[in-house]
Amino acid sequence: MVKYKGTVHTVSLSFNHLTRPEVWTIVLGILINSLILMAILMGIGYYLRSRKILNDEGEITLTFMLVNITTPAMVINAMNIEFSLEQLKTGGILIAVAVAFDILLIFLNKIASFKMKDEEKVKMIKYSVVLLNGGFMGFPLAYQLYGSQGMFYATMFHVPNIIFMWTYGVSLLLGKSKLENRYKSMLLNPGMIGVYIGLLLYFSQIKLPLFADSLLELLTNATTFLSMIIIGSKIATIGVRDSLIDKEAYAASFFRLAASPVLMIIILKFFDFDIMIEQIYVMYASLPVATLMPILAQRYGGDVIFGSKIVVITHLISLFTIPFFFWLYTVI
């Protein structure tokens, strides 16, 4: 990892004497290393599930820990930093960019699904274009690359997507059905509670005791391990072969893994952000679909099997497309 704008990682590098393409090349190498690490952890999860060492109950327990404990802790840890007015202004702009990006993806998903006749599959395609795996995969990647400072900017991208997940996403899956406590689910889920606590710490500058800082760091480090084990387990449950032969699932995967990052690259050309911010936003736009999609489809409506296949395909292919689009942004 790198030492970047005050954030300390395992390996310290100075970028001051390097050109922009050289910086991107170094970080691309770190990104590929992180993706290889994640692929190995996913393989462990796949092995544990296929050998029946990890069962449904075990996966549910791990998912509960990830969603309700380690991911909120990671968000809190990301925002437990020194207050900066300049950073706050930049954060506001970044949230606006993320919201505009999500809205554009909603228009894009209409193109992705216009030939599909099956309404339940249409829901899955539209969902997969807009809503990405920012919590389980994006946060760990951002933290591996840039530590807490990178996590702050990753949160600026992820919060609008979380809100869209619990508003647009749930409404999309429900269709004409109604859900009680929809706004409660949107505003009081564990991820958003983590954001609220993080904002309180950021604006109040309350200093946590050493044990609390250490606990947040330990839980943050556990997020990558848990999330990749769960994804690997889900891939084993869904089945790789059946997923890879579904041509319709590839159409949705194209828009999530290719059209989305290209759109973000175009948007970023209109701004002059810090290189770290641009890298995080390109990376986030390249992420696979949210692993919660088939789970939410089972609860609110949608083709669960088709949605699960999209999850498998996008997570496997993203191991190659994320570094590709990361590199592409350096050369155009």
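Because the structure is a prediction, the values reported are computed rather than measured.
Using a distance-only test at 3.5 Å, with no hydrogens or angles considered, a donor-acceptor pair links the side chain of Asn109 to the main chain of Lys126. Of the possible donor and acceptor atoms, one in the side chain of Lys123 sits under 3.5 Å from a partner among the backbone N and O of Leu173. Looking only at distances, a side-chain donor or acceptor of Tyr284 sits under 3.5 Å from a matching main-chain atom of Phe139. No donor-acceptor distance shorter than 3.5 angstrom exists from the side chain of Asn77 to the backbone of Ala73, with no hydrogens or angles considered. Listed for the Asn80 side chain is no donor-acceptor partner under 3.5 Å among the backbone atoms of Ile76. Arg256 contributes no side-chain N or O that, together with a main-chain N or O of Val289, makes up a donor-acceptor pair within less than 3.5 Å. Of the possible donor and acceptor atoms, none in the side chain of Ser171 sits under 3.5 Å from a partner among the backbone N and O of Tyr168. Thr220 places a side-chain N or O within donor-acceptor distance of the main-chain N or O of Leu216, the cut-off being under 3.5 Å.
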| field | side chain to side chain contact (heavy atoms under 4.5 Å, CB included) assessment of Met283 paired with Leu145 | value | CA-CA 11 Å; Met283 180 191 72; Leu145 288 170; 3.9 Å; yes
| task | Please test Asn221 against Tyr143 for side chain to side chain contact (heavy atoms under 4.5 Å, CB included), starting from the C-alpha separation and ending with a verdict. | result | CA-CA 9 Å; Asn221 291 332; Tyr143 186 75; 3.3 Å; yes
| request: Could you go through the side chain to side chain contact (heavy atoms under 4.5 Å, CB included) check for Ile230 and Lys234 one step at a time? | output: CA-CA 6 Å; Ile230 291 168; Lys234 287 190 179 298; 3.9 Å; yes
| task | I would like to know whether Val97 and Phe273 meet side chain to side chain contact (heavy atoms under 4.5 Å, CB included); could you show each step before the answer? | result | CA-CA 11 Å; Val97 170; Phe273 291 128; 4.1 Å; yes
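With a 6.0 Å radius and a threshold of 12 heavy atoms from other residues, nucleotides or ligands, Glu82 has its CD atom at or below the threshold. A 6.0 Å sphere centred on OH of Tyr47 holds no more than 12 heavy atoms belonging to other residues, nucleotides or ligands. Counting non-hydrogen atoms of neighbouring residues, nucleotides and ligands closer than 6.0 angstrom, the CZ atom of Phe83 exceeds 12 such neighbours. Other residues, nucleotides and ligands contribute more than 12 heavy atoms inside 6.0 Å of the CZ atom of Phe324.
Interatomic distance, Ile103 CD1 to Leu108 CG, rounded to the nearest 0.5 Å: 13.5 Å. With rounding to the nearest 0.5 Å, the separation of CE in Met228 from CG in Leu35 is 9.0 Å. Lys89 NZ to Ile93 CD1: the interatomic distance, rounded to the nearest 0.5 Å, is 9.0 Å. Summarising the geometry, atom CG belonging to Asp118 is positioned 6.0 Å from atom CG belonging to Asp303; distances are rounded to the nearest 0.5 Å. A distance of 12.0 Å separates CG in Leu218 from OG1 in Thr70, rounded to the nearest 0.5 Å. The OG atom of Ser227 sits 9.5 Å away from atom CE of Met42, with the distance rounded to the nearest 0.5 Å.
Of all heavy-atom pairs between Leu287 and Gly138, the closest is CD1-CA, 3.6 Å. Taking every heavy atom of both residues into account, Asn68 and Pro190 meet most closely at OD1-CG, 3.1 Å. The heavy-atom pair separating Ser286 from Phe325 by the smallest distance is OG-CB, 3.8 Å. Closest of all the heavy-atom pairs between Ser318 and Pro323 is O-CD, 4.0 Å. Shortest non-hydrogen contact noted between Val129 and Ala112 is CG2-CB, 4.0 Å. Pro160 and Val99 get closest at one heavy-atom pair: CB-CG2, 3.8 Å.
Both Ile280 and Val262 belong to a single network of hydrophobic side chains, linked directly or stepwise wherever heavy atoms of I, L, V, M, F, W or Y lie under 4.5 Å apart. Residue Met74 is not grouped with residue Leu200 when hydrophobic side chains (ILVMFWY) are merged at heavy-atom distances under 4.5 angstrom, including chains of intermediate members. Both Ile95 and Tyr153 belong to a common hydrophobic cluster when Ile, Leu, Val, Met, Phe, Trp and Tyr are linked at side-chain heavy-atom distances under 4.5 angstrom. Neither Ile305 nor Ile125 shares a network with the other; the hydrophobic side chains, linked directly or stepwise wherever heavy atoms of I, L, V, M, F, W or Y lie under 4.5 Å apart, form separate groups for each. Linking Ile, Leu, Val, Met, Phe, Trp and Tyr whenever their side-chain heavy atoms come within less than 4.5 Å puts Leu104 and Ile265 in one cluster.
The side-chain heavy atoms of Ile231 and Asn133, taken from C-beta on, include a pair separated by under 4.5 Å. Considering only heavy atoms from C-beta on, Ile229 comes within 4.5 Å of Leu54 through its side chain. Between Ser260 and Leu105 the shortest side-chain heavy-atom distance falls below 4.5 Å. Side-chain contact check for Met38 versus Leu141: some heavy-atom pair is nearer than 4.5 Å. Annotation: side chain of Val311 is in contact with side chain of Met293 (closest heavy-atom distance under 4.5 Å). Looking at heavy atoms from C-beta onward, Leu268 lies in side-chain contact with Tyr329 at the 4.5 angstrom threshold. For the pair Met137 and Ile322, the minimum side-chain heavy-atom distance is below 4.5 Å. Inter-residue side-chain proximity for Met264 and Phe101 is flagged as met; some heavy-atom pair is nearer than 4.5 Å.
Evaluation of the side-chain hydrogen bond (donor to acceptor under 3.5 Å, both in side chains) rule for Gln87 yields Tyr202 as partners, not counting sequence neighbours.
Using bins of under 30°, 30° to 60° and over 60° for the plane-to-plane angle, the ring pair Tyr281/Phe157 lands in the perpendicular bin.
Both tests do not hold together for Lys309 against Tyr250: distance to the six-membered ring centre under 6.0 Å, angle to the ring axis within 45°.
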